[in-house]
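As structure tokens, the structure follows; a few thoughts come after it.
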Amino acid sequence: MNEHDSERMKGMLETLGYAEVPEPDQADLILFNTCSIRESADSRFIAHLGHAKRHKRNNPDVLIGVGGCWAQSVKDEVFQRFPFVDVAFGPGQIHKLAEFLTSDSLTAQGFFEFEDFPAQLPTKRARDLHAWLQISVGCNMKCSYCIVPSTRGRESSRPFDGLVEEVTRLAADGVREVTLLGQNVNAYGRDLRPQRRTFAELLHAVDAVDGIERIRYTSPHPQDMKEDVVLAHRDLAGVCPHMHLPLQSGSSRILKAMRRTYSRERYLDRVALIREHVPDTSLTTDIIVGFPGETEEDFQQTLEVCEEVGYDSAFTFVFSPRRGTEAAEMTEGLVPHPVKIERMERLVEVVQRRATERAQRFVGRTLDVLVEGPSRNDPTKLRGRSPHNKVVNFTGVATPGDIVPVHITAATSQTLAGEASLLATASAR
Ligand code: 5AD
Ligand code: SF4
């Protein structure tokens, strides 16, 4: 979501006549788009801000802007703590940046209102073939560790027809893959009036747009993962065989303290439903270790779920107390840092071992790979992505944007290796 917000900030600045410079020291405007999901992001940002301050000391006309969730979480305090900041705005107020830059106001300004779905903004896409499509803003869940509901506000779905129109426009502009974005994508449409919509309906409508070959989305909430969405994966050619289903913990007791609204059994039941209808689908997840009160036994249960599900990959996080959240106030059973690190290492071992095992199912198969460019480690090879969202490094000749069949010869936990089939190589030439 944050990356997409950056694309919108860039698009807006471009329409105002700004262009990017290679180094911040050459800039007239330094704009930070901040994330606050974990403390490490905050700390990195504060260090960058110090650099900008020094630059401004020598170049007083330079403007410094701070947008995003960190700005929203501290609001006007930003101007007291960092008086050299000229403009600050939350993630829902990106459009106000243009207002500020085009006004002749010399005083610092902050924009932190929550609105319904904000007006369309011009976007500068990082990749020509891929577009993010924000389908909703905000989140109505109350996960006790999470700062997002306080920085992005209440959930509001973007109107259905407008979304389909935008996808149609993107397809005409050459986009082949879209990623639908929301904090809880499968809650999409419940708040729309006069006609409610469902996330599965949206998948059908986007799949019907000519030119869109791959549809991804992030993130669904396990509570709202219903059969209609699973069947959309089975029945719609464009919906990729990949689902990111955040687990957070494998212990029902901890899930309850996290206010995740599902138990271990209910989560595994969702996984069984997915595997029943679309057995080949990649499953990825998010896991937090060291939540307050997590005992060794709770952690063992997380390991057990990872063993049982066999994720294709997982993002693993050490619990980070966030200001204003319920979990930040918890004082019982705090997990010491070395224990968190030790659990993290054990978790990563299980995740990677199972991911490597799962990835072997691709060896010997031919997968359609959307070519992105040269391989990062070996420029004589190409790199692309399979429908399962696996990075594939392969030999052959193809142009970025092509979808080529690649014969998979080897698989690790993270990447697949293969050869473009001869037919594709010939046609690409
Ligand atoms: N501490 C650690 N991880 C967190 N996440 C969200 N909030 C926190 C926190 N306070 C993780 C969750 C979420 C992902 C985007 O970030 O796993 O799914
Ligand atoms: Fe945060 Fe939970 Fe909402 Fe995800 S669903 S953004 S973890 S509150």
Side-chain angles (χ1 to χ4, degrees), residues 1-5 34-44 68-70 72-73 90-92 114 134-157 179-188 190-191 199 217-225 243-251 254-262 266-267 270 283-294 298-299 302 305-306 309 311 313-330 334-335 337 339-341 343-344 347-348 351:
M1 192 70 86
N2 184 264
E3 261 180 56
H4 177 52
D5 288 346
T34 58
C35 171
S36 243
I37 193 88
R38 286 172 296 276
E39 201 175 351
S40 52
D42 277 13
S43 329
R44 276 201 303 272
C69 284
W70 179 85
Q72 184 72 41
S73 71
F114 289 123
Q134 192 175 355
I135 65 168
S136 59
V137 295
C139 183
N140 286 358
M141 304 304 288
K142 295 188 173 66
C143 302
S144 59
Y145 52 81
C146 187
I147 198 169
V148 169
S150 74
T151 59
R152 292 195 182 258
R154 301 285 295 168
E155 192 172 86
S156 169
S157 301
T179 304
L180 311 183
L181 275 183
Q183 304 307 142
N184 177 4
V185 282
N186 43 6
Y188 173 80
R190 286 195 292 228
D191 56 326
F199 182 60
Y217 57 85
T218 194
S219 289
H221 193 294
Q223 168 199 282
D224 296 310
M225 181 49 81
M243 241 185 250
H244 184 72
L245 199 63
L247 168 70
Q248 312 300 2
S249 168
S251 152
I254 295 297
L255 286 169
K256 197 164 185 199
M258 288 177 163
R259 297 196 188 277
R260 283 295 286 174
T261 70
Y262 53 85
R266 166 106 183 133
Y267 183 92
R270 295 295 90 186
L283 271 179
T284 59
T285 200
D286 291 344
I287 298 168
I288 298 176
V289 297
F291 187 81
E294 182 188 76
D298 293 313
F299 176 66
T302 300
V305 173
C306 290
V309 173
Y311 292 105
S313 80
F315 295 110
T316 50
F317 307 105
V318 167
F319 169 71
S320 167
R322 306 314 291 129
R323 54 190 163 275
T325 62
E326 193 186 339
E329 305 299 316
M330 294 177 180
L334 297 185
V335 182
H337 191 67
V339 177
K340 286 183 182 162
I341 300 301
R343 285 185 190 165
M344 178 62 103
L347 177 64
V348 168
V351 166

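These numbers were taken from a predicted model, which means no experiment stands behind them. Indexing begins at 1, ligand by ligand and atom by atom, following the structure's order.
- For V148, the closest heavy-atom approach to ligand 1 does not fall below 4.0 Å.
- T218 is listed as a side-chain neighbour of L181, based on a closest heavy-atom distance under 4.5 Å.
- Each of the atoms 6 (S) of ligand 2 lies under 4.0 Å from some heavy atom of V148.
- Ranking protein heavy atoms by distance to atom 10 (N) of ligand 1, first place goes to S320 O, 2.7 Å.
- The minimum heavy-atom distance between C306 and I287, with the atom names listed, is SG-CD1, 3.5 Å.
- Every atom of ligand 1 with a heavy atom of F319 under 4.0 Å away is listed here by number and element: 1 (N), 2 (C).
- For atom 4 (C) of ligand 1, the closest heavy atom belonging to the protein is I288 CD1, 3.7 Å.
- Ligand-side atoms of ligand 1 in range of R322: 10 (N), range being under 4.0 angstrom from any heavy atom.
- For atom 1 (Fe) of ligand 2, the N/O/S atoms of C146 include one lying under 2.8 Å.
- Distance from atom 7 (S) of ligand 2 to its nearest protein heavy atom, with residue and atom name: Y145 OH, 3.4 Å.
- Expressed to the nearest 0.5 Å, how far CD of E155 lies from SG of C139 amounts to 6.0 Å.
- The NE2 atom of H244 sits 11.0 Å away from the OH atom of Y217 when rounded to the nearest 0.5 Å.
- If you look at S219 next to ligand 2, there are no close heavy atoms at all, none under 4.0 Å.
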| said: side chain to side chain contact (heavy atoms under 4.5 Å, CB included) for D191 and S156? Distances and angles first, verdict last. | reply: CA-CA 7 Å; D191 56 326; S156 169; 4.2 Å; yes
| Can you check side-chain hydrogen bond (donor to acceptor under 3.5 Å, both in side chains) on S36 and R323, steps first, answer last? | CA-CA 10 Å; S36 243; R323 54 190 163 275; 3.1 Å; yes
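- By the criterion of a heavy-atom distance under 4.0 Å, neither the backbone nor the side chain of N184 is placed next to ligand 2.
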| task | Would you sort out whether F199 and D224 count as a side chain to side chain contact (heavy atoms under 4.5 Å, CB included), showing the intermediate values? | result | CA-CA 10 Å; F199 182 60; D224 296 310; over 6 Å; no
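- The ligand atoms of ligand 2 that sit less than 4.0 angstrom from a heavy atom of P149 are 8 (S).
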| field | Evaluation steps, side chain to side chain contact (heavy atoms under 4.5 Å, CB included), between M225 and N186 | value | CA-CA 7 Å; M225 181 49 81; N186 43 6; 3.9 Å; yes
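- Heavy atoms of R152 come nearer than 4.0 angstrom to ligand 2 in no pair at all.
- Regarding atom 14 (C) of ligand 1, its nearest protein heavy-atom neighbour is D286 OD2, 3.5 Å.
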| said: Please determine whether side chain to side chain contact (heavy atoms under 4.5 Å, CB included) holds for the pair Y311 and T284, giving the CA-CA distance in whole Å, both sets of side-chain angles, and the decisive distance to 0.1 Å. | reply: CA-CA 5 Å; Y311 292 105; T284 59; 5.6 Å; no
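- Using modelled atom types, no side-chain atom of S144 and backbone atom of E326 make a donor-acceptor pair closer than 3.5 Å.
- Atom 3 (Fe) of ligand 2 has as its closest protein heavy atom C139 SG, 2.3 Å.
- Residue contacts with ligand 1, taken as heavy atom pairs separated by less than 4.0 Å, involve V318 solely via the backbone atoms N, CA, C and O.
- Closest to atom 7 (N) of ligand 1 among all protein heavy atoms lies Y145 CD1, 3.3 Å.
- Put simply, the residue from V289, I288, T302 that forms a side-chain contact (heavy atoms from CB on, under 4.5 Å) with Q248 is I288.
- Annotation: atom 16 (O) of ligand 1 to nearest protein heavy atom, R38 NH1, 2.9 Å.
- By the criterion of a heavy-atom distance under 4.0 Å, both the backbone and the side chain of C143 are placed next to ligand 2.
- Note on R322 versus D42: salt bridge recorded, some NZ/NE/NH1/NH2 to OD/OE distance being below 4.0 Å.
- What sits closest to atom 4 (Fe) of ligand 2 on the protein, heavy atoms only, is Q183 O, 4.1 Å.
- The nearest heavy-atom contact from the protein to atom 17 (O) of ligand 1 is Q248 OE1, 2.6 Å.
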